[in-house]
Amino acid sequence: MKAEYLIKIILPTFIIFAVLVWLTAAHVISGWLVYLLWVLGFVCANLWVTRVTAKRSYHRLRKQREEEAKQRKNE
């Protein structure tokens, strides 16, 4: 995997969870709010990772189809 791709996945999720850990450790959030924010953090992180990987897969498949079309055209 390219470093650029990994940074797009790891950096935003790391920031989300770093903020959540800091808020929890500093006792800024407590009780049910901790659970709610952690669940929302996991949902946001999963959506972000899914979005980035789906976009990458779409572009890869699109490129592959274009190459196949060129090969058929040249034959």
Side-chain angles (χ1 to χ4, degrees):
M1 283 190 199
K2 293 182 179 179
E4 174 185 317
Y5 175 67
L6 289 174
I7 289 173
K8 286 182 182 179
I9 289 178
I10 293 173
L11 191 61
T13 55
F14 178 77
I15 291 170
I16 289 171
F17 291 115
V19 169
L20 286 172
V21 167
W22 177 75
L23 290 173
T24 305
H27 300 290
V28 174
I29 55 175
S30 61
W32 285 101
L33 189 58
V34 171
Y35 297 119
L36 179 67
L37 290 179
W38 276 90
V39 168
L40 288 174
F42 277 108
V43 169
C44 289
N46 284 328
L47 288 174
W48 177 259
V49 169
T50 302
R51 179 177 174 243
V52 171
T53 55
K55 188 181 280 189
R56 182 173 185 255
S57 295
Y58 172 76
H59 287 294
R60 190 184 72 229
L61 288 173
R62 184 175 168 200
K63 185 177 179 181
Q64 185 180 14
R65 288 181 190 148
E66 288 174 358
E67 289 174 0
E68 289 175 358
K70 283 181 184 178
Q71 287 177 355
R72 281 190 228 133
K73 191 175 184 180
N74 290 335
E75 291 177 353

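Because the structure is predicted, anything quoted here is derived from the model rather than measured.
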Practice problem: Identify whether Val21 and Val19 are in the same connected component of the hydrophobic contact network (ILVMFWY, side-chain heavy atoms under 4.5 Å). | Solution: yes
Exercise. Quick one: pull up CG in Leu20 and CD1 in Ile15 and give me the separation to the nearest 0.5 Å.
Key: 12.0 Å
Quiz item: Do Leu37 and Val28 sit in the same hydrophobic cluster, where Ile, Leu, Val, Met, Phe, Trp and Tyr count as joined when their side-chain heavy atoms come under 4.5 Å apart?
Solution: yes
Self-check item: Residues Thr24, Trp38; criterion side-chain contact (heavy atoms from CB on, under 4.5 Å); working and verdict
Solution: CA-CA 10 Å; Thr24 305; Trp38 276 90; 3.1 Å; yes
Quiz item: When hydrophobic residues are tied together by side-chain contacts of less than 4.5 Å, even through go-betweens, does Trp22 share a cluster with Phe14?
Solution: no
Quiz item: Nearest heavy-atom pair of Ile16 and Cys44: which atoms, and what distance?
Solution: CD1-CB, 4.2 Å
Quiz item: When you check the gap from the basic side-chain N to the acidic O, do Lys70 and Glu66 get nearer than 4.0 Å?
Solution: no
Quiz prompt | From Trp48 atom CH2 to Leu11 atom CG, the distance as rounded to the nearest 0.5 Å | solution = 9.5 Å
Quiz item: So, for Ala45 and Phe17, which heavy atoms are closest and what is the spacing to 0.1 Å?
Solution: CB-CE1, 3.8 Å
Practice problem: Check salt bridge (Lys or Arg N to Asp or Glu O under 4.0 Å) between Glu4 and all other residues, then give those that pass, not counting sequence neighbours. | Solution: Lys8
Quiz item: Quick one: CG on Leu47 to CZ on Arg51, what's the gap to the nearest 0.5 Å?
Solution: 10.5 Å
Quiz prompt | Separation between CZ of Arg60 and NZ of Lys63, rounded to the nearest 0.5 Å | solution = 11.0 Å
Self-check item: CZ on Phe42 to OG1 on Thr13, rounded to 0.5 Å
Solution: 10.5 Å
Practice problem: Could you pull out the closest heavy-atom pair between Ile29 and Leu33, with the gap in Å? | Solution: CG2-CD2, 3.7 Å
